[in-house]
Amino acid sequence: MSELHTFSVAQLAAGLKNKDFSSTELTQHFLNRIAKHDKATNSFITVTPEQALAQAAAADKLLAEGKGADLTGVPLAHKDIFCTQGVLTTCGSKMLENFVAPYNATIVENCQNSGLVMLGKTSMDEFAMGSDNESSYFGAVHNPWDISRVPGGSSGGSAAAVAAGFAPFATGSDTGGSIRQPASFCGLTGIKPTYGRVSRYGMVAYASSFDQAGSFGKTAEDCAYLLNVLSGHDSKDSTSANKDVPDFVASLSAKRQANASHDKPLQGLRIGIPTEYFADGLNSEVKASVEAALKQYQALGASLVDVNLTKPEITLATYYLLAPAEASSNLSRYDGVRYGYRCESPKNLEDLYTRSRSEGFGAEVQRRILMGTYALSAGYFDAYYVKAQKVRRLISQDFAKAFESCDVIATPTAPTTAYKIGASLSPAEIYMGDVYTIGVNLAGLPSLSHPVGFDGDNLPVGLQLIAKAWDEETLLQTADAYQQVTDFHQQPSPIAKA
Ligand code: GLN
């Protein structure tokens, strides 16, 4: 039983159905691990043992009656950006340090209805703005592969929790890479679905036309299990798509079965390689691992074709104009009046607004609000905001053109592996780390990162796959085919081994 945290989601679900262990035992196993080892990683902001054990007991009852659904009794962790009724939702900020939502986010509700057990809420960069989890008001999160390093961000807590063996899988959100980049830094698989696939209702807004929830797991299959639960139309989110959702797990197993006696399961798959994404600034060890993975894809039958995408620097500039512009509007609701942090003894209304926001928001959030407000201001709106919107359209068109000659696109997920906590990078240097992931969000496409190797410091390297809108299945199937013949995703971090 001491190895339960190394099991796949499928093994956990089967073990529960088989009564090899109960949900209460399983939940307790993860809670014990969190209590013992989370001091080293700081991946949770809130752990909810009582609620988790109550949910586990309810799951055990259903399982005993033979009424369990696919995932009944399996634990998970939620990023602290998703509203949870009766449990703190801080979004990593002093602004929401004491905020308890009066309702559940739709995805939290979906997870509960599927019988999943919530272990707690994981740390994140403040308001999901960041790439290293160092801007969390609750302190930096430490990477389970090397606790002197960052786990990536902004969903760094969820990534660290799964990589440390504190939860079998976890939710995250991805506005510009916040699932894929931490998945890459922590040796996990992470998927950001197509914009509109998953409801945003009850997910604290950063940049609404980019934000999308998704899943972290050890494998593509683990991610598929969670994606099945998260996906689907929600009348409470006007941008959620009214579209049929495939059964991602069933389609993975169907594909596996069809290829059972085939040593080239990816035969016919055309993988686009954008040369712009393999140029200057890419760490040589990351490049070598990604290139080795591409060779493995070829050995599995895929063919590689050159494609062109918008230059990553242009994509980066467009994102860092539009996302802060949306953030400046979304975050105007934190005014010290309705909810959230309020300053002490305000002199007048203006003082209340100014000090509540200056004291409640951290430096990076304030920087983004300032950049965004500037880009939206009367004198600069056309020169910056409108222009960036036009470039956003061109970026989408470049993706569409690339997909005329390929089925998926492969790139490195990030230019480097996990860097040191306190490396004192400038904001611009940190933004550069998002250079490969943000184009996907500008175009609303689905994308996945999976582990493809380690650098000389034994830090994980990730490869990013991008597909056409609504084609998460190809991403999951491609990564799954790779994971059937490699074992990078099976390597435990030092904390998972403890
Ligand atoms: N690192 C990017 C940013 O800071 C993306 C964050 C995210 O996806 N939430 O904006």
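As a basis for the values below, the full set of heavy atoms in this structure was taken, side chains included, without hydrogen atoms, waters or symmetry mates. Read the numbers this way: they start at 1 and go in the same order the structure lists the ligands and their atoms.
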N/O to N/O below 3.5 Å, does that happen between [X] and ligand 1?
X	answer
Ser178	yes
Thr175	yes
Met129	no
Tyr206	yes

So between Ala323, Gly176, Ala207, whose heavy atom ends up nearest atom 8 (O) of ligand 1? Gly176
Which of these, Phe210, Tyr320, Tyr431, has its nearest heavy atom closest to atom 3 (C) of ligand 1? Tyr320
Quick one, [X] and [Y] - any side-chain contact, counting heavy atoms below 4.5 Å?
X	Y	result
Leu448	Leu476	yes
Lys236	Ser199	no
Thr90	Ser93	no

List ligand 1 atoms under 4.0 Å from [X], heavy atoms only on the residue side.
X	answer
Asp434	1 (N), 2 (C), 3 (C)
Asp174	8 (O)
Ala128	6 (C), 7 (C), 9 (N)
Ser154	9 (N)
Ser131	1 (N)

Is NZ or CZ of Arg392 both nearer than 6.0 Å to the six-membered ring centre of Phe210 and within 45° of the ring axis? yes
Under-4.0 Å salt bridge between Lys192 and Asp174: no
Electrostatic pair Glu359:Lys94 at N-O distance under 4.0 angstrom: no
May I ask whether Arg368 has any heavy atom positioned less than 4.0 angstrom from an atom of ligand 1? yes
Structural part of Lys192 in contact with ligand 1, heavy atom criterion under 4.0 angstrom: neither
Select one of side chain, backbone, both or neither to describe which atoms of Phe127 lie under 4.0 Å from any atom of ligand 1, heavy atoms only. neither
Among all protein heavy atoms in this structure, tell me which lies nearest to atom 5 (C) of ligand 1, with the distance rounded to 0.1 Å. Tyr319 OH, 3.4 Å
Start with the C-alpha distance between Leu309 and Tyr277, add both sets of side-chain angles, then the distance that settles side chain to side chain contact (heavy atoms under 4.5 Å, CB included), and finish with yes or no. CA-CA 9 Å; Leu309 292 177; Tyr277 281 55; 3.9 Å; yes
In terms of ring plane angle, is the pair Tyr482 and Tyr297 parallel, tilted or perpendicular, where the classes change at 30° and 60°? tilted
Locate the shortest heavy-atom distance separating Ser215 from Cys223; write the atom from each residue and the value. OG-O, 3.1 Å
Nearest 0.5 Å, what's the CD-CD distance between Glu126 and Gln366? 8.5 Å
